[in-house]
Structures are given as C-alpha cells and as structure tokens.
Amino acid sequence: MLGEIGINTFWDFLNYFPRKYIDRSTIKSIGALVEGEDTTIVGEILDTKAEGLSWKKSRFVVYVSDYSGHVLKLIWFYGTAYLKEKFKIGDIIAAHGKVTMFGYEPTMTHPEIDVIKTRDRESENNQNELATVSASDYDLFNAGGIVGFYSTSEKMKQIGLTSKSIRYLMKRLLDEVEKEIPNIFSLEIQAQENLISFAEAYRLIHFPLSQQTLIDAKRTLKWTELFLLQFMFALRYRNQKKKESMFKFVCKQGNDSFEDKLKSVIPYKLTQAQQRAVSEINENMGAGTPMNRLLQGDVGSGKTIVAIHAMMRAVDNGTQCVLMAPTEILATQHFIVIKKLLDQYDLKSALVVGKQTKKLKQEIITGIENGSTQIVVGTHAVLESNVLFHKLGLVIIDEQHRFGVLQRKALQDKALSPHLLIMTATPIPRTLSMTLYGDLDVSVLNEYPTNRKKVITKVLFESERNKVYENIRQEVAKGRQVYVVYPLVEESEKIDLAAAVQEYERLKVEVFPEFTLGLIHVCTTVIEVGIDIPNASIIVIEHAERFGISQLHQLRGRVGRGEEQSYAYLIYCGHISVESKERLNAIESTIDGFKLAEIDFKLRGAGNILGTEQAGRVDALKIANLYEDRELLESARDAAFRLSKEDPQLRTEQNRELRKMYIKFFGRMSELINVG
Ligand code: ADP
Ligand code: MG
C-alpha cells in the first residue's frame, strides 16, 4: 500500500520527516491572549464566513474557540474560495500568528494553520463529541511537548493516511526497528562532530523531547546526508588524481615560447586573481594527472586571458587545444582575440562553427587532424565526429553551464584524458558550488581589472525614460556605444519580437534619427553570454521586471568593460510584484555577482537558479538546506575528504556500517565499487 506513494522500505518511511512542528508548551489559551504577541492556539472552528461585497473589500473569517470558552477571529483578505473548502465547522486547528485586540476581541490576520483533526463529515454521531473541544483532543499532542506534522499528498489521503496516522505508524515502526538502526559513524567522528547516535536522531526528529533534542536530531541527519554526498565527491576526486595523464606540461621559456610571447603582447597587467588562477592551472597541468578545474569568475573578471595562458602552455608542450563556447558570436570573439594577440607569430588557429562552407570546413578539419592547427576555437560544432585531433592536450569550455554533461564529455573524449578547464560566469554561492562541482578543483577570480569603474545602475519607471535618452545622446556624442535590450519570452515570442522591432523603429526614426542603430533579433541571449565591446557605456534594459537576477547581472556586465564610466538603466513597466521590485533593487544596490547570487538563492531557492540537470543534485537532498546549512556542509566536506584519505574503501571495522549506508545511498553508482 505504501509502495504507491514511493515508500518501499522502512528507511523510506523513517526518512519521511515532519514538515513542521508545534510546540505544545507555547500553546496559549484564547482567554489569555494579549495584544501583539506571536503565539499558537488550538481550537475548534465554530463558524466560517465570507464577508464584504465588492471583491476589493472581501475577506474570509473563521471563528475558533477553545476550552477557555473565548473566541478568536481569524481573518484572510484573499483566497476565499480555497479557504471555504479548507475549513469546516467542527474541525480542530492550530493557528499560529500575531494577535491584535479589537476591544476584547482577539484576532489574527493571515495566520499559519494546521488542521489537527477534521470532523468526520459522514458520521453524525460525531457531532456531539465534537461540540466542545475535549481533553482527549489535546492528547493528540502525545509524545512530549513538540508534535511533528507530516504533509500528506492527495494520494496519501486516498489511502487514508493523515498526519496523525503517519505519526502513529512512525511510532510503531520506531519501537520495532530502533534497535536495528546502526551507528554509521565511528565513535571518534561522532565525538568530533558532536553527533548523536543515528537511532536517537531518527527517534527525535519524529518525536522530539524538547527544542534542543530536535535541533540535535536535525543536525545529525543533515550532517550525515551532506557527508555522504561529499564522500562521493571525495572518492571521485581521488580517482581523478590517480589517473595518469599523457601530458605533463612544463614551463618553456625563450624565443620559441608562446607563453613568453603572450606575456609580451598583453596590453595590461594580470590581476592577482588572474595570476593565481594561471599558476594553479599550470600546477595541475604539470602534475602528471589530468587537470579538472573550474574557473569561476564574475562577468568581466577576465577569464579569457587566463584560458589563453593555459592554451599557450599546451602549445608550447607540443599539443593542440580546443576552446568551446556556447554561441557563434562568442566563439568568433574569442578567436579574434587570440588572433589579434598572436597573429604576428607563427601560431595556427582555426575557427569551427556551424555556418561554414564545405570546402573551408574540410580545410580546417584537415589541419586539425594532421596537427598543423594548434588552436581550435568553436561552438558545439567542434563536437562533430569528423573533427579529429592529432594530439589534443587541453580542453576548455567557456560558459560551461550552457552545455550538457554529455556535450562536455563528448569533447573530453576527443582525446585520452586531456586536461580540462571549465569556465563559468554564473557566480554561484560557495555551498552550491561544493555540491555541484565538489569533485573539481576551483579557481575563483574574485577581483576585477583595476581600470574598471563601477557601472552606475538605476531602476526607473517607464515614464522616466526620457532621462535615459538624454544620457544616451551625451554618451554617443563622446563616441560611445549603447545597448537597448528587450525581453523575449518563448511563449509570446512573436508579440515580443514585434514589440522590439517596433521600438527599434521608434528609436531610429523618432528619438535618435541622428544615430546609427542596429537590431539583433536574438539579442538577449547573445549579449548575455559574454560579448565584449569595451566602448559600450550604456545598457538600457526594457521590461527589466521580466528578467531574473542573474540575467540582469549578465546583461549589465556588457558595459563597464572599458575605462569610461558606464550606466545601466533598468526600466520597468506597469504594476510589478514585490518580488520583482526586490530583484531590481538588489541589482541596483550591488555589482558583486556573488552577493547577487546569494540574494537570488535566498529569494528563489537552488532549484530555480540552476538548470534542471544541476538542480536534480540539489533536490536529492532530503533534509539539508544548502542555504541554511552552509557551516554543516563545510564541516561535512572536510570530514569526508579526510576520511577518504584514511579509509577510501571504508574497509575498516569501524566504518563497516558507513560503507553499507553509502552503498544504500548511492546504489550501484557508488564510486566505492570503482576504487581500485
Ligand atoms: P569574462 O570573465 O567575463 O569572460 P573577459 O575575459 O571577456 O571577461 O574580459 C573582459 C575584458 O577585460 C576584456 O576586454 C579583457 O581584455 C579585459 N581584461 C582582462 N583582464 C584584464 C586586466 N588584468 N586588466 C585590464 N583589462 C583586462
Ligand atoms: Mg567570457
């Protein structure tokens, strides 16, 4: 029966944790409520009412009473239809919220509600029994002071499972299996990390004895979950480091060295962060094992030149390298940068993109295959099976989050364990990065090139648009360039496109007849991923409310790349939601991509800020929360990496149960099986 709802083993059931808890010790009698306090009451619904005539003023009111005989009024200003269905006279509910006194009449507005007991709507017999709240209703709060509430899906309800019956079954199950729940961590780790026993943790998360025991139980289970995940990363990391690489790059100096040539032609000095990244990369590529490194750096932090350094070292060591970018514009741009820097020397590079003539492509492919072409830059077109390398030593993927796992792997598979550098401009909070890229080495460019000025950002209402046009005129007069961006949402692509074209015409004819304007149809996505035009000093984003935080940040990153002061104008239209406003304000308040990523994370959660593929890994976490549990994650990761050194196969007696749990957790996929 439980199989229908995905519960197959007793572990599945034990891992069905309460959604929330009510602390009985904080429940107050309605008669004793006072103005302004935040509290919980438990009572019976006496009456429900939809009040008010016009939709604007309508509200839904529930009257609740408890054994004190006093009545509490609960008020909602929306959701009447839904609430009407949800609350029935005779139901026992817990209401949590802030108390306001109107004379002697206590009220709560928009309280949180838990339905504790629904009146048996079929059986009339019950009516008497429920006419008043009896002492036995309060016995629902058995097992100590804090009671867990379980969410119940429609399916669960169909098979008769309520929060209460889950609690009952859970208690019986625990009584039976508690003794069989092993301690999976050695006593040493338990002591070091302040963990309680595993059996106790399961007992207490379902039936806490006090707030402190609940905290302890949660902490132990969260830590365990994070540990298991990080242990997998630790093993993968170890396995990577054990592989041998055919390419052990050394530093070549002198007249023939492209690395030296590059250094002599770069028109600026690398930032310290860039220098650090370059030397971390070089260390990896010289170690005799394949590099697996993520280069994380906010828009404009200068990742490209770091990548070019790595490429020169590869070339100096007699191998080829490939740089794959997600769009043709971006690939072309990288290609031009490399050419511009090094064309005066004898470096052979090639661009591989979709739209090339057969003849040209054949020529390029031949050069790559016979090894005369040293550097290949391209879109996913480089993945095609007819692109074969002579001796590929380094694979670089730009804006890697735009590619799928399989595409990344396909490129790596073009050679036997080449060095791999993946780059991303999507700043993600450190906890997320540890969960997503836990098996990679990471370099972070946490510093901008120094000649940058902060982009001045303004959020404006559409009626203020004229101010923007003025500034545009001034900047263009100085010889600068300007982007104007419109959103394009797939579902209404045609309408959006038409609107963009119309606006383009308006700007061209009415507003700026004196300037040259260009229209790129797919401009949002193109501009977003890394176009580098240092001369551009203004970006105007129309309908800014329709973009997400990271998109806005990426778009803004298109300006402020030169030495001039740049401006970003976020124009919103019509009435926008509180969340949209919060988003725009965040962008206005900081240009720090990592700070913005944290805000985004907080506003929308991990699942929404990552692609689905990546989100899957985060969603797999049942109890740990990457935002709240950052510190636990750090300590679990440290412990996992430590243990992976001491006992990688978990073969010692004290790690026996951990080994079993690990395999249960990851199944056949577990890296333990692969550890030689
Ligand atoms: P991103 O990290 O977003 O890919 P880019 O590599 O496109 O950034 O670099 C952005 C701009 O900054 C480019 O015009 C590049 O030439 C310039 N740049 C990179 N590093 C430095 C530096 N150390 N000093 C000055 N300008 C730099
Ligand atoms: Mg870039």
Side-chain angles (χ1 to χ4, degrees), residues 259 262-281 293-312 322-343 351 375 377-379 396-403 421-428 433 442-455 480-481 483 525-537 539 550-566 568 591-594 596-597:
E259 207 178 330
L262 176 67
K263 282 176 188 154
S264 71
V265 293
I266 297 178
Y268 46 76
K269 196 172 169 296
L270 293 192
T271 64
Q272 290 204 347
Q274 284 171 321
Q275 284 172 27
R276 199 179 337 116
V278 167
S279 61
E280 284 165 348
I281 289 166
R293 187 168 283 275
L294 170 71
L295 176 60
Q296 227 192 320
D298 205 350
V299 269
S301 58
K303 292 180 293 295
T304 316
I305 197 68
V306 174
I308 295 175
H309 268 88
M311 292 166 120
M312 293 309 116
V322 59
L323 168 59
M324 179 166 76
T327 64
E328 207 158 313
I329 292 197
L330 206 52
T332 310
Q333 189 181 286
H334 286 323
F335 180 67
I336 291 170
V337 168
I338 292 169
K339 273 209 133 9
K340 223 160 66 186
L341 282 173
L342 294 150
D343 224 26
L351 178 69
I375 291 194
V377 180
T379 57
I396 303 178
I397 300 175
D398 193 15
E399 308 287 347
Q400 65 83 30
H401 56 285
R402 300 257 160 172
F403 294 101
L421 178 67
I422 66 181
M423 310 201 285
T424 181
T426 314
I428 53 174
S433 125
V442 180
S443 296
V444 179
L445 299 185
N446 53 0
E447 188 185 348
Y448 290 97
T450 44
N451 58 354
R452 289 286 158 71
K453 290 209 177 70
K454 276 188 188 170
V455 178
R480 303 276 110 72
Q481 287 161 291
Y483 297 107
T525 37
V526 174
I527 294 179
E528 199 188 321
V529 293
I531 284 197
D532 184 31
I533 302 177
N535 189 44
S537 65
I539 185 162
S550 71
Q551 260 182 321
L552 289 170
H553 179 63
Q554 290 274 332
L555 285 169
R556 173 172 57 186
R558 295 314 111 210
V559 296
R561 303 195 141 231
E563 293 180 17
E564 305 308 319
Q565 178 60 56
S566 294
I591 59 156
D592 181 335
F594 284 92
L596 288 169

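The chain is numbered in sequence order, starting from 1. All heavy atoms count here, side chains included; hydrogens, waters and symmetry mates do not. Counting starts at 1 for both ligands and their atoms, in listed order.
Proximity to G300 (heavy-atom distance under 4.0 Å) selects the following atoms of ligand 1: 1 (P), 2 (O), 3 (O), 8 (O). Taking a cut-off of under 4.0 Å to the non-hydrogen atoms of T271, the atoms of ligand 1 that pass are 23 (N). Atom numbering of ligand 1 starts at 1 in the shown order; those under 4.0 Å from a heavy atom of T304 are 4 (O), 5 (P), 6 (O), 7 (O).
Contact annotation: for L270 versus ligand 1, heavy atoms closer than 4.0 Å belong to the backbone alone.
Residue contact annotation: K269 has a non-hydrogen atom under 4.0 Å from ligand 1. Note on ligand 1: S301 sits in its first shell, one or more heavy atoms being nearer than 4.0 Å. The closest approach between D298 and ligand 1 falls below 4.0 Å for a heavy atom of the residue.
Across all their heavy atoms, Q481 and N535 have their closest contact at OE1-ND2, 3.0 Å. Of all heavy-atom pairs spanning S537 and Q565, the tightest one is CB-O, 3.9 Å. A pairwise comparison of heavy atoms in Y483 and I533 identifies OH-CD1, 3.6 Å as the closest pair. Across all non-hydrogen atoms, the minimal contact from G593 to H553 is CA-NE2, 3.4 Å.
Below 3.5 Å of separation, one finds no N or O of P534 facing any N or O of ligand 1.
With sequence neighbours excluded, the residues forming a side-chain contact (heavy atoms from CB on, under 4.5 Å) with R276 are A273, E280, N446, listed by chain and number. Residues forming a side-chain contact (heavy atoms from CB on, under 4.5 Å) with D343 (at least two apart in sequence, or on another chain): K339.
By the 6.0 Å contact criterion, NZ on K454 is open, its count of non-hydrogen atoms from other residues, nucleotides or ligands being 12 or less.
With K303, E563, R561 as candidates, the residue nearest to atom 7 (O) of ligand 1 on a non-hydrogen basis is R561.
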